[in-house]
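Report on one structure; see the data block that follows.
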Amino acid sequence: MNETVDAIGVCIEKGKVNKSSSYPIDLQGQDGADELTLQALTQNIAPDEILKTCNDAMQRIGDKFGRNEVFVPELLMAAKAMNTVMVHLKPFFQAGSIKTKGKFIIGTVSGDLHDIGKNLVSMVVEGNGWEVIDLGVDVKTAKFLKAISDNPNSFVGLSALLTTTMANMASTVKEIKMEYPKTTVIVGGAPLSEESAKIMGADGYAADPQSAVLFLNRKIA
Amino acid sequence: MTPKERVKAAMNLEKTDKIPLMCQFSIGHMLMQVDVPPVELWFDKDAFTNSLIELRDIYDFDGILISLHGHDPNWKNDVVSSNKIKEIIEVELVNGDKIIFPKNDLPYYDYYFVKEKFSISEMDFSDLPKALDYIPVSNNLHFKINQNFKFDAITDLISSVGSKYSIHGEITSPFDYFLDLFGYQDGLMALMMEPEKCEYVLSHFTKLITKLSLEMCETGVDAIKISSPFAGSGFISPHDYKKFVLPFESEIAKSVRQKGVHIYTHTCGAIGDRLESLFDSGISGIECLDPPPLGNVLLENAKERIGKRGFIKGNIDSVNTLLNGSEDDIIKDVQNRIKIGSKDGGFILSTACSIAPEVKREKIQLLRKIVDNKI
């Protein structure tokens with residue numbers, strides 16, 4: 001593989017956004033994901049090769065997150081670096097030379113104003129080649145239903161941070177499944193578990209962003 | 001033992017006649033159990049404190065946690081209009097803010113002037129708050145602390161029921177104020193990019209919170225809770241906990257303990273990798289201790305590891321056990337916790353997180369019956 005592409009992967013895994021970024025210390029003063037992506041494109045490296053490197057890097061950091069070797073700040077930095085790459089790849093998505101894998105509607109459920117988990121999942125899923133429709137926080141069920149209606153065949157992700165809003169999540173899942181039984185719904189968030197996801201009728205549970213990506217990718221495989 | 005003595009003994013790691021029982025309420029649960037309009041429960045000191053007393057009576061708890069303080073007695077002067085639309089109440093304030101009050105949850109603010117979050121790279125430290133005049137209750141939700149009536153809710157409760165029941169005040173961790181100031185996402189990334197600046201901001205808030213805590217001690221509270229929900233491994237590493245949370249909470253804890261008042265930390269989720277570190281701050285105990293799946297330490301293991309370093313207040317799963325569980329599930333779960341918790345003292349039975357809004361009253365009332373061996 002090309003050296004520049006490899007370096008992009010390292011930058012994503014380590015959360016090195018651009019040259020001026022002070023994080024991480026061991027890459028201070030070096031080019032980051034931003035500069036390296038531009039260099040790679042100038043070298044006529046195929047955009048989907050760069051995207052694959054991004055996905056692999058996110059997979060590695062996601063796995064580390066799953067093993068408690070890195071935590072939310074490190075994952076956020078990696079996602080930020082990846083988003084920088086995506087800015088440069090966006091024209092290729094728009095031109096159709098890279099195809100999106102599908103549409104993913106995501107929102108934090110009604111009564112919950114927290115967005116960090118949702119944003120993390122959005123960033124990682126988007127970086128993995130999905131079109132993300134982010135409905136924001138405190139999303140009422142009706143808003144999810146409208147988004148599904150406007151975007152047929154989309155996948156849906158529900159997020160909650162508060163233990164107290166799990167009940168709202170369950171009723172949203174129920175209503176989505178009643179109205180659109182074929183729509184795949186995945187849930188995630190601190191108070192949830194595989195078991196609680198099953199009880200509320202969701203198709204899947206993601207303990208972390210990478211699990212969400214793997215779940216979605218399996219669904220379209 | 002009076003309920004107050006019982007809680008005190010548990011916090012002192014002494015023997016109690018029975019396990020003390022004291023859960024903390026979510027605003028949603030309060031709204032669903034007391035006949036008080038949501039606007040009044042949020043703004044009005046008397047409505048809030050009377051509701052706390054009423055709920056304590058209903059559930060026969062040994063103490064009361066006062067999560068909000070600093071109510072403005074003239075709050076009605078700020079209200080321009082109040083309209084009920086289906087099950088919500090929409091209130092407009094003189095400053096243009098609109099607030100939506102659901103019947104079973106925290107209010108939602110639609111601010112007229114949306115303050116941009118601070119940016120760590122561009123911030124001017126002189127812009128940091130000079131006084132602590134708000135409680136960061138939740139994302140985008142502040143409760144204003146009126147500086148002239150800072151502790152009236154606490155002193156009122158102490159004078160009415162404080163001789164019999166344990167009264168606890170609440171402060172918020174510097175780490176929460178920090179994340180609230182920058183936004184959760186940018187705040188967490190700032191820890192990586194600008195650690196020295198983050199430490200400065202945390203130190204600034206620590207001074208303000210320590211001052212507030214020491215003033216709170218003067219009211220006669222039996223204990224102070226530090227709300228620190230983002231200090232667990234669901235968010236930050238043990239290393240970052242030691243760098244960005246522990247030194248600052250330690251400063252507060254040590255000041256409060258010097259006043260002879262107990263202080264305990266509430267950290268949500270998984271804390272197994274930092275359980276001992278939590279006690280390095282000098283706190284008297286911990287609240288919450290979420291059981292799995294949210295947490296990753298079992299009560300038995302936590303008691304062994306903590307030993308005589310402090311008390312545990314928890315660890316009933318408010319949703320999986322109380323909300324979704326049957327009566328039999330609750331009895332079995334709670335009896336088991338009492339059996340483990342009562343060994344060597346230092347245990348206060350409560351929900352880990354606050355009582356979830358939709359939990360039925362009868363289920364909470366079961367707790368007292370279980371504690372008193374009436375089941």
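Side chains are part of it too, since the values below use all heavy atoms of this structure and drop only hydrogens, waters and symmetry mates. Per chain, numbering begins at 1; letters A, B, ... match sequence-line order.
Taking a 6.0 Å sphere around CD of A:Glu195, one finds it holds 12 or fewer heavy atoms contributed by other residues, nucleotides or ligands. Shown here is A:Lys174, whose NZ atom has no more than 12 heavy atoms of other residues, nucleotides or ligands within 6.0 Å. Atom CD of B:Glu87 is surrounded by 12 or fewer heavy atoms from other residues, nucleotides or ligands within 6.0 Å. No more than 12 heavy atoms of other residues, nucleotides or ligands shown are found within 6.0 angstrom of NZ on B:Lys98.
When heavy atoms are compared at a cutoff of 4.5 Å, B:Asp273 approaches chain A solely by way of its side chain, counted from C-beta outward. Heavy atoms closer than 4.5 Å to chain A are found nowhere in B:Leu106, neither backbone nor side chain.
With values rounded to the nearest 0.5 angstrom, A:Leu192 atom CG is found 9.0 Å from B:Leu294 atom CG. Note that OG of A:Ser196 and CG of B:Asn324 are 8.5 Å apart. Values are rounded to the nearest 0.5 Å. Interatomic distance, CG of B:Asp186 versus NZ of A:Lys80, reported as 6.5 Å (0.5 Å rounding). Annotation: the span from B:Ser237 atom OG to A:Glu74 atom CD amounts to 5.5 Å, rounded to 0.5 Å. To the nearest 0.5 Å, the span separating CG on B:Asn296 from CG on A:Asn68 amounts to 8.0 Å. With rounding to the nearest 0.5 angstrom, the CE atom of B:Met192 is 8.5 Å from the CE atom of A:Met77.
Of all non-hydrogen atoms in B:Phe235 and A:Ile116, the two that sit nearest each other are CE2-CG2, 4.1 Å. When every heavy atom of B:Ile236 is checked against every heavy atom of A:Pro73, the shortest pair comes out as CG2-CG, 4.1 Å.
A:Asp115 is listed as a side-chain neighbour of B:Asn139, based on a closest heavy-atom distance under 4.5 Å. A:Glu194 places none of its side-chain heavy atoms less than 4.5 Å from the side chain of B:Pro293.
Contacts between residues 20-35 of chain A and chain B, counted as heavy-atom pairs separated by less than 4.5 Å, involve A:Ser22, A:Tyr23. Interface residues of residues 108-120 of chain B toward chain A, defined by a heavy-atom distance below 4.5 Å and sorted by number: B:Tyr108.
Comparing B:Glu194, B:His29, B:His239, B:Met193 by how many heavy-atom pairs each has under 4.5 Å with chain A, the most go to B:Met193. Listed options B:Gly234, B:Ser233, B:Gly269 were ranked by heavy-atom pairs under 4.5 angstrom with chain A; first place goes to B:Ser233.
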